[in-house]
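Below is one structure, written out as structure tokens, with a few remarks after it.
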Amino acid sequence: MNQLSLEETSYDLIKAHILDPLHSPLSEKKQEQLERVMSVIRVLDKNPIRKNAYMLHQQKYSHLSKVQIYDDIKLAQRLYNTVHEFEWGFWRSWMINDIVDNILTCKKSKSDKDRRIIAMEHANLIKLIGVQPDELVDPRRSEKHKYYILIQNNHKEVKIDLDSIENLPNATLKEINRIICAGDEITDIEAEEIMKS
């Protein structure tokens, strides 16, 4: 009989082993491999550099060959994401596929319980996917709008289009700059009030 690898072992069997290691449904070989993989994960969380993880794992399991240690590290990296690397896109896709599979499975049997599960899964799917925006953001939208600089001088407001600033003569640009930069001088009392507010 062809035995399943640790990767293909049912989650329920691994959970049962973790909850009650004395009555574990896993074979001795899988128990040892799971212990090594979990050890590597803890090492990778603290030391994400593979070479350092190799040396620390080799110290703990000195009877293992170099190939076996690297196989444990590869398996740990494939099965568990460390604190340093988490693939949001992969897990989001996995969750969407899992929800869709549940919906398709429940659609085949037409019981009330399955209809409730379908409704719950649809709600989970909507939360996961999110709401589609009404209109996709146009990357060239700033080109479609006109922007103005409002200059206020002697209680008079002048609106200048940004596109037309390039065409103004230098003397006018200098005058605009003087108006923008220059202002009424304030007294010490007004400065204190500004600083307090």
Side-chain angles (χ1 to χ4, degrees), residues 1-111 113-141:
M1 184 175 162
N2 191 7
Q3 286 197 352
L4 296 174
S5 67
L6 184 64
E7 287 179 86
E8 298 165 337
T9 303
S10 166
Y11 165 78
D12 294 327
L13 293 177
I14 293 174
K15 182 179 173 184
H17 166 73
I18 291 169
L19 293 175
D20 189 10
L22 297 176
H23 302 98
S24 174
L26 297 177
S27 67
E28 291 290 325
K29 185 178 178 182
K30 281 188 185 173
Q31 287 180 32
E32 183 186 337
Q33 187 181 17
L34 181 63
E35 183 183 327
R36 289 195 322 259
V37 168
M38 295 306 293
S39 172
V40 169
I41 283 300
R42 288 188 281 278
V43 168
L44 286 171
D45 273 341
K46 293 178 185 171
N47 302 292
I49 300 170
R50 198 172 180 174
K51 186 176 180 182
N52 294 347
Y54 168 81
M55 290 188 298
L56 291 169
H57 194 57
Q58 187 181 33
Q59 284 177 348
K60 186 170 183 179
Y61 297 98
S62 56
H63 64 282
L64 295 177
S65 69
K66 184 177 183 178
V67 172
Q68 183 61 56
I69 291 172
Y70 273 116
D71 285 345
D72 287 347
I73 292 171
K74 284 180 196 171
L75 182 61
Q77 286 177 324
R78 201 167 50 245
L79 293 180
Y80 301 97
N81 288 302
T82 64
V83 175
H84 308 284
E85 55 186 40
F86 188 80
E87 298 176 28
W88 289 104
F90 169 79
W91 288 108
R92 187 169 189 268
S93 299
W94 179 83
M95 286 177 66
I96 289 171
N97 289 335
D98 191 47
I99 290 171
V100 170
D101 288 345
N102 286 343
I103 290 170
L104 293 174
T105 304
C106 290
K107 272 188 177 180
K108 290 177 184 172
S109 71
K110 298 184 179 188
S111 68
K113 180 183 174 188
D114 287 333
R115 286 190 184 118
R116 283 190 293 264
I117 291 173
I118 289 172
M120 290 183 339
E121 291 293 22
H122 276 119
N124 291 337
L125 194 59
I126 289 169
K127 285 181 197 171
L128 184 63
I129 293 174
V131 179
Q132 180 177 353
D134 295 333
E135 183 181 319
L136 295 175
V137 177
D138 183 6
R140 302 181 77 189
R141 71 177 170 188

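Of all the heavy atoms in His17 and Pro25, the pair that sits closest is N-CD, 4.0 Å. When all heavy atoms of Ala76 and Val40 are compared, the pair lying nearest together is CB-CG1, 3.6 Å. Annotation for Cys106 and Ile117: closest pair SG-CG2, 3.5 Å, computed over non-hydrogen atoms.
For the pair Lys60/Val43, no side-chain contact is recorded, criterion being any heavy-atom separation below 4.5 Å from C-beta on.
Taking the side-chain hydrogen bond (donor to acceptor under 3.5 Å, both in side chains) definition, one finds that His23 meets it with Asp20, sequence neighbours left out. Applying the salt bridge (Lys or Arg N to Asp or Glu O under 4.0 Å) test to Glu35 and every residue at least two apart in sequence or in another chain returns nothing. Legend: residues meeting side-chain contact (heavy atoms from CB on, under 4.5 Å) with Gln58, ordered by chain and number and at least two apart, are Tyr54, Ile69. In terms of the salt bridge (Lys or Arg N to Asp or Glu O under 4.0 Å) criterion, residue partners of Arg115 (sequence neighbours excluded) are, by chain and number, Asp112. Under the side-chain hydrogen bond (donor to acceptor under 3.5 Å, both in side chains) criterion, Thr9 pairs with Lys30, sequence neighbours left out.
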Could you list the donor-acceptor pairs under 3.5 angstrom formed between side-chain atoms of residues 95-102 and any protein atom two or more places apart in sequence or on another chain?
unit_1: Asn97; atom_1: ND2; unit_2: Ser93; atom_2: O; d: 3.3
unit_1: Asn102; atom_1: ND2; unit_2: Glu121; atom_2: OE2; d: 2.7

The test is side chain to side chain contact (heavy atoms under 4.5 Å, CB included); show your working for Lys74 and Arg50 and say whether it passes.
CA-CA 10 Å; Lys74 284 180 196 171; Arg50 198 172 180 174; 3.0 Å; yes
Stepwise side chain to side chain contact (heavy atoms under 4.5 Å, CB included) check, Lys46 with Leu56
CA-CA 11 Å; Lys46 293 178 185 171; Leu56 291 169; over 6 Å; no
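Between atom CG of residue Leu64 and atom OG of residue Ser62 there is a gap of 8.0 Å, rounded to the nearest 0.5 Å. Of the inter-residue distances, the one linking Ser111 atom OG with Arg116 atom CZ reads 8.0 Å to the nearest 0.5 angstrom. In this structure, the separation between CG on Asp71 and CG on Leu75 is 8.5 Å, given to the nearest 0.5 Å. Ile41 contributes atom CD1, which lies 10.0 Å from atom CD1 of Ile73 (distance to the nearest 0.5 angstrom). Note that the CG atom of Asn52 and the CG atom of Leu44 stand 10.0 Å from one another [nearest 0.5 Å].
Using bins of under 30°, 30° to 60° and over 60° for the plane-to-plane angle, the ring pair Tyr61/His57 lands in the tilted bin.
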